[in-house]
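Single-structure report; data block below.
Numbers restart at 1 for each chain; the letters A, B, ... are given by sequence-line order, proteins then strands.
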Amino acid sequence: MAISSPSLIPSFPHRETITNPLKPDTLNPPNPILLISKCTSLRELMQIHAYAIKSHVYNHKDHSFITKMINFCTESPTTSSMSYARHLFDAMPEPDIVSFNSIARGYSRSLNPIVSFALFVGVLEGGMSPDHYTFPSLLKACAAAKGLEEGRQLHCLSMKLGLDGDVFVCPTLINMYTECEDVDAARRVFDRIIEPCVVSYNAMITGYARRNRPNEALSLFREMQGKSLKVNEITLLSVLSSCSLLGSLGLGKWIHEYATKHGFCKYVKVNTALIDMFAKCGSLDDAVSLFEKMRHKDTPAWSAMIVAYANHGEAEKSMLMFERMRSESVQPDEITFLGLLNACSHRGLVEEGRKYFSRMVNEFKIVPSIKHYGSMVDLLGRAGRLDDAYRFIDTLHISPTPMLWRILLSSCSSHNDLKLAEKVSERIFEMDDSHGGDYVILSNLYARNKKWEDVDFLRKVMKDRRAVKIPGCSSIEVKNVVHEFFSGDGVKSNTHTKLHIALDEMVKELKVAGYVPDTSMVVHADMSDHEKEIAVRYHSEKLAIAFGVLNTPPGTTVRVVKNLRVCRDCHNAAKLISVVFGRRVVLRDVQRFHHFEDGKCSCGDFW
DNA sequence: GTAGGGTTAG
């Protein structure tokens, strides 16, 4: 394949007066290569190039000069600098792999992976042989574009060249596979390494953490320690994010001690990851005290705290943090605002949220992303302004993603608006009909409105389309062991364990205190009231909370993590458990925290 | 020129 020139090549500055652009009056012609190192803009580079041609101080076959110019262009790539680099490269009579690597790096940095890959194919067919610098940038490009097929081809080629065991190539191969969602392929690469170094371990641990497989990440971390491989701060970042995923406060605290003992707390990133971990493991107090001890706080550190308060439903404190951040002249970024918008959304502060959105755009010149739009839809929808939310999506200048509609669908469910939910579901199914959660929400709404034929019909549609429902799962850490419970465990008699009997007893006590099971979300029309009650009783979060109450000393806070939104009945039950059994219950749901104490929840029943 | 903190989806 011939490499075609891109159409947007900046014109050479032939018309300009050719003098040494940086030092106009020098008598001795300076070496253009030295000029490049002082160059500050693309324009200057083009002048230097023209000067070099005109003054004959370089031979156009001289690779080192061209390569230096290409390097300058790809350092912080822009559309025009990349076009220029490409032009320089294409004009080389005998392009070499060094300049090629530089171009490829530029494309992958400017997130233009497709061009990068096409260029690579052309070069290979031109007979050039890639070296171990070639692979990392191309693999990065595949990772960014989720180009699994291209990534695999590169992997094969690197094997043919005997480079797949290279210290630079391995970690990028692992990273490419995990970013393309093939973690097992990544693991196969990792397992082929005879003696993996820290970087390869880190790549694999990060991959597991990113793909929501924290247990495997942690087991590799233990393996590293067993081999007395030197753990670095990057290892800790991924290990901490694994703790956050699991909600494992015990392990997180251990990592905190480990980090302190081994001198990792001097890294701002480690502190930020620790704050995030404490907040996501339910201990906002630990997050705050660590944050206050930090001497240097950057934008991510402030954002972590703003997000932490938002997730715990403390909107006022989120907003206060923002004020403090501003008074210390720290610049907010897009994530800071995501935090603020979520904070407002969880408290129903529609006007405040709108104000932050407009400040973000007008005052801080941040271009809203799809996630900001999502937060706005949530803000409006959750507050019951469903029509506003619908109009907001409909009038966006970008085409809405299924996720945006999904957020609105969830609000329809909270506010029991079946008509709008049907309309919104249609929009979703046009784009993606494989998401089990959408059917569940709609089906629950039909059930709540006693439309049993619709429930049945939807169930059939769901089955035909092979959409899968994610089972509810809750976990709790007791004595450093994480226990997992699934919804429905115990409904059949053969899985009815001691825990289920204990839960039955607890429910009896709760009923004395006024608990009335809310079975309105149970979708089976043909169930008796008793069967419905049992279906609700063995929800995963109730099992986990019961396990916590039974297996920890009286008065201990019970911390539970759930993979989906908490159901209304479990929310009611948890409030009563906090009174009847005198326990604080901290429940992390898929989108926020609920703190139950003295019969009340921190969300104020708005969630 | 390899791994990388704060968001990730109701």
Side-chain angles (χ1 to χ4, degrees), chain A residues 71 74 98 101-102 104-105 108-109 131-140 143 166-176 178 190 196-207 209-212 232-238 240-241 244-245 264 267-277 279-280 287 291 297-308 310-311 332-339 341-342 345-346 369-375 377-378 381-382 401-414 435 437-438 440-441 564-566 589-592 607:
Chain A
N71 259 330
T74 58
V98 180
N101 288 345
S102 176
R105 201 169 55 242
S108 72
R109 279 188 189 161
D131 63 12
H132 80 147
Y133 291 130
T134 314
F135 288 99
S137 49
L138 292 169
L139 287 166
K140 253 190 187 173
D166 183 88
V167 281
F168 280 127
V169 178
C170 273
T172 25
L173 271 173
I174 294 170
N175 188 43
M176 178 278 292
T178 55
F190 180 80
C197 61
V198 200
V199 182
S200 291
Y201 263 104
N202 287 349
M204 198 62 240
I205 292 175
T206 305
R210 275 224 238 268
R211 298 271 78 93
N212 205 356
N232 66 16
E233 75 281 7
I234 292 161
T235 324
L236 286 194
L237 298 179
S238 299
L240 282 169
S241 93
S244 306
L245 285 170
F264 290 121
Y267 298 100
V268 184
K269 290 182 180 191
V270 171
N271 280 307
T272 306
L274 281 165
I275 289 171
D276 182 56
M277 178 279 295
K280 286 187 179 145
F291 178 78
K297 305 181 181 84
D298 60 4
T299 304
W302 285 100
S303 301
M305 223 35 244
I306 287 170
V307 169
N311 289 339
D333 67 8
E334 61 282 0
I335 296 164
T336 318
F337 281 101
L338 272 179
L341 292 175
N342 281 335
S345 175
H346 288 321
S369 75
I370 191 80
K371 285 174 191 150
H372 296 102
Y373 293 135
S375 290
V377 174
D378 190 53
R382 203 184 284 268
T401 57
M403 187 52 69
L404 279 184
W405 291 116
R406 211 161 265 150
I407 294 165
L408 181 56
L409 180 63
S410 168
S411 293
C412 294
S413 154
S414 314
H435 198 270
D438 302 333
V440 174
I441 291 177
L564 305 170
R565 264 175 86 162
V566 58
D589 149 325
V590 71
Q591 56 185 27
R592 59 163 299 159
W607 90 90

From [atom1] of [X] over to [atom2] of [N], roughly how many Å is that when rounded to an integer?
X       : N       : atom1 : atom2 : value
M277(A) : dG6(B)  : CE    : P     : 12 Å
H372(A) : dG10(B) : NE2   : C1'   : 17 Å
Y267(A) : dG4(B)  : OH    : C1'   : 12 Å
Y373(A) : dA9(B)  : OH    : P     : 20 Å
M403(A) : dT7(B)  : CE    : P     : 16 Å
M204(A) : dT2(B)  : CE    : C1'   : 15 Å
I370(A) : dT8(B)  : CD1   : P     : 15 Å
W607(A) : dA9(B)  : CH2   : P     : 21 Å

Need one value for [X]: base, sugar-phosphate or nothing, where a base atom within 4.0 Å counts as base even if backbone is also close, heavy atoms only.
X       : value
N271(A) : nothing
S410(A) : sugar-phosphate
V590(A) : nothing
V270(A) : nothing
R211(A) : nothing
D298(A) : base
I441(A) : sugar-phosphate
T299(A) : base

Is the phosphate of [N], meaning OP1 or OP2, less than 4.0 Å from a side-chain N or O of [X]?
X       : N       : result
K269(A) : dG6(B)  : no
R565(A) : dG10(B) : no
R210(A) : dG4(B)  : yes
K371(A) : dG10(B) : no
N101(A) : dG1(B)  : no

Over all heavy atoms of both residues, which pair between [X] and [Y] is shortest? Give the atoms and the distance, please.
X       : Y       : value
A143(A) : M176(A) : CB-CA, 3.9 Å
S200(A) : P171(A) : OG-CG, 3.8 Å
D378(A) : S345(A) : OD2-OG, 2.5 Å

Given [options], the nucleotide with the shortest approach to the side chain of [X]:
X       : options                 : result
K280(A) : dT7(B), dG6(B), dG5(B)  : dT7(B)
T172(A) : dG5(B), dT2(B), dG4(B)  : dT2(B)
Y133(A) : dG10(B), dG4(B), dG1(B) : dG1(B)
I335(A) : dT2(B), dG10(B), dG6(B) : dG6(B)
I407(A) : dG6(B), dG4(B), dA9(B)  : dA9(B)
I234(A) : dT7(B), dG1(B), dG4(B)  : dG4(B)
T206(A) : dA3(B), dG6(B), dG10(B) : dA3(B)
N202(A) : dT7(B), dG4(B), dA3(B)  : dA3(B)

(message) With side-chain contact (heavy atoms from CB on, under 4.5 Å) as the criterion, how do D131(A) and N101(A) come out once you've worked through the C-alpha distance, each side chain's angles and the decisive distance to 0.1 Å?
(response) CA-CA 9 Å; D131(A) 63 12; N101(A) 288 345; 3.0 Å; yes

(message) Restricting to side-chain contact (heavy atoms from CB on, under 4.5 Å), what partner residues turn up for Y267(A), sequence neighbours left out?
(response) E233(A), F264(A), V270(A)

(request) Would you sort out whether D333(A) and S303(A) count as a side-chain contact (heavy atoms from CB on, under 4.5 Å), showing the intermediate values? (result) CA-CA 8 Å; D333(A) 67 8; S303(A) 301; 4.0 Å; yes

(message) For a quick check, tell me whether the side chain of N232(A) and the base of dA3(B) share a donor-acceptor pair closer than 3.5 Å.
(response) yes

(request) Apply side-chain contact (heavy atoms from CB on, under 4.5 Å) to the pair H346(A) and R382(A), showing each step before the final yes or no. (result) CA-CA 8 Å; H346(A) 288 321; R382(A) 203 184 284 268; 4.1 Å; yes

